[in-house]
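To keep things clear, I will list the structure first and then write my remarks on it.
Being a predicted model, the structure only gives us computed values, none of them experimental.
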Amino acid sequence: MAIYHLRTDRITRRKGQSAVASAAYYADEPLTDHRTGLHHVMPPRTGLLHREIVFPSGACVATPWDRQRLWNAVEAREKRKDSLVALLWFVALPQELSIADAAGLARSFADALIKRWGCVIDLTVRDTSSQNRVGYLLTTTHRFDGNFLGEQIDFVANAQIRYNRGIETSQRSDLLAIRSLWAEMVNAALAAAGFSARVDHRSLKDQGFNLIPQSHLGSIVARRTRRGEDMDNKTGSVDRDIYNAKQIMKQPDLIRRLLESRGEPFDAQSARRAIDRYVDDAPLREELYQLVISGGEHR
């Protein structure tokens, strides 16, 4: 089933982070940070499908801006020891789409953010597992005109600057608009590719489903958990399993309604995938699966 996931992280010196190191990691490219003198070489990884630096369409780039030059310019632009140096957006790309269509969707999203803010985005697309395809958009916090990085983009500007620019003083309105935009773009891409599946950016509660969403685990934790290790890292997993199981047991048609709201067919395979998303315990999953498929006859 198509999954909606969008989140953003702040790359800051306060946390000991570097824009150059982040770019090297996500793009799998060795880079030297001129500010610190550190040379960032990442261990080889599989799954990289696409990478490119996306500039504003109106920016006249007089000389080439490669990854090394761009992110060192970003670091040089910031003077404070606790500076916010970049934003990182994570988006889940539908597995239903081909690699080319998924990369095109991620590129379109980058273009939309750039049109909104005038920033530069270092875009990579990666298969992180057999079930997960992710777009990473490392975003400058300053506008770019082709020659240098200028004023801060609206999204990171403080309340006073936002007020002076005549926009909402809170970033929340920006984030809500971006979440909605991403859902629209994903659904348009799925429709164009001939799929009925749809995503919804609203919370499950706002959609009328009394389920607690699955926690988003990092890839390392997820792999170790599948091997039976580090179960304590899955904070709240047991409570979430119990709550979601009770909701499904009370309403065996909940999974059917959830799938129908996503434009998904209700069949054995889709029902199992849906239950797997909301319950981690394997024996409990199987019990719920049998209940849902039978329409609650075995309660």
Compare all side-chain heavy atoms of [X] with those of [Y] and state whether any distance is below 4.5 angstrom.
| X | Y | answer |
| --- | --- | --- |
| Y136 | T128 | yes |
| W71 | D122 | yes |
| L87 | C119 | no |
| S270 | D267 | yes |
| L84 | Q152 | no |
| F209 | R257 | yes |
| M249 | L291 | yes |

Membership question, hydrophobic clusters at under 4.5 Å side-chain separation (ILVMFWY): are [Y] and [X] in the same one?
| X | Y | value |
| --- | --- | --- |
| I121 | I53 | no |
| M185 | L113 | yes |
| I293 | I275 | yes |
| Y4 | L175 | yes |

Would a distance-only check, ignoring hydrogens and angles, find a side-chain to backbone donor-acceptor pair under 3.5 Å from [X] to [Y]?
| X | Y | answer |
| --- | --- | --- |
| R179 | H201 | yes |
| D145 | F148 | yes |
| Q17 | T12 | yes |
| D174 | E168 | no |
| R162 | D154 | yes |
| R272 | Y289 | no |
| R133 | L97 | yes |
| E29 | A23 | no |
| D33 | V20 | no |
| R143 | I153 | no |

For the pair W182 and F109, name the ring-plane relationship: parallel under 30°, tilted 30 to 60°, perpendicular over 60°. tilted

What pair of heavy atoms forms the shortest contact from [X] to [Y], and how long is it?
| X | Y | answer |
| --- | --- | --- |
| V85 | E78 | CG1-CG, 4.0 Å |
| V125 | L93 | CG1-CD1, 3.6 Å |
| A24 | L31 | N-CD1, 3.6 Å |
| A110 | V54 | CB-CG2, 4.4 Å |
| L190 | A197 | CD1-O, 3.2 Å |
| A21 | H40 | CB-CE1, 3.5 Å |

Donor + acceptor pair across side chains of D111, S108 (<3.5 Å): no

Distance-only polar pair, side chains of R45 and Y25, donor-acceptor under 3.5 Å: yes

Are [X] and [Y] ion-paired here, with the side-chain N under 4.0 Å from a carboxylate O?
| X | Y | result |
| --- | --- | --- |
| K15 | D9 | no |
| R262 | D200 | no |
| E151 | R165 | yes |
| R13 | E75 | yes |
| D280 | R240 | yes |
| D28 | R51 | no |

Starting from the C-alpha separation in whole Å, work towards a yes-or-no answer on side chain to side chain contact (heavy atoms under 4.5 Å, CB included) for Y278 and L288. CA-CA 11 Å; Y278 298 105; L288 293 171; over 6 Å; no

Within the supplied structure, the quantity of interest is the number of heavy atoms (other residues, nucleotides, ligands) at a distance under 6.0 Å from E260 CD; does it exceed 12?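 Yes - once you tally the heavy atoms of other residues, nucleotides and ligands closer than 6.0 Å, there are more than 12.
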
Report, as yes or no, whether the 6.0 Å neighbourhood of atom CZ on F90 holds more than 12 heavy atoms from other residues, nucleotides or ligands.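 Count over threshold, so yes.
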
Ring-ring centroid check F155 W117, cutoff 6.0 Å: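 For F155 and W117, the ring centres are under 6.0 Å apart.
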
Starting from the C-alpha separation in whole Å, work towards a yes-or-no answer on side chain to side chain contact (heavy atoms under 4.5 Å, CB included) for R256 and V292. CA-CA 8 Å; R256 179 193 295 273; V292 167; over 6 Å; no

Side chain to side chain contact (heavy atoms under 4.5 Å, CB included) between V134 and R126: does it pass, once the steps are laid out? CA-CA 5 Å; V134 183; R126 182 181 295 277; 5.6 Å; no

Run the side chain to side chain contact (heavy atoms under 4.5 Å, CB included) check on W89 and L6 step by step: do they pass? CA-CA 7 Å; W89 298 86; L6 177 149; 3.9 Å; yes

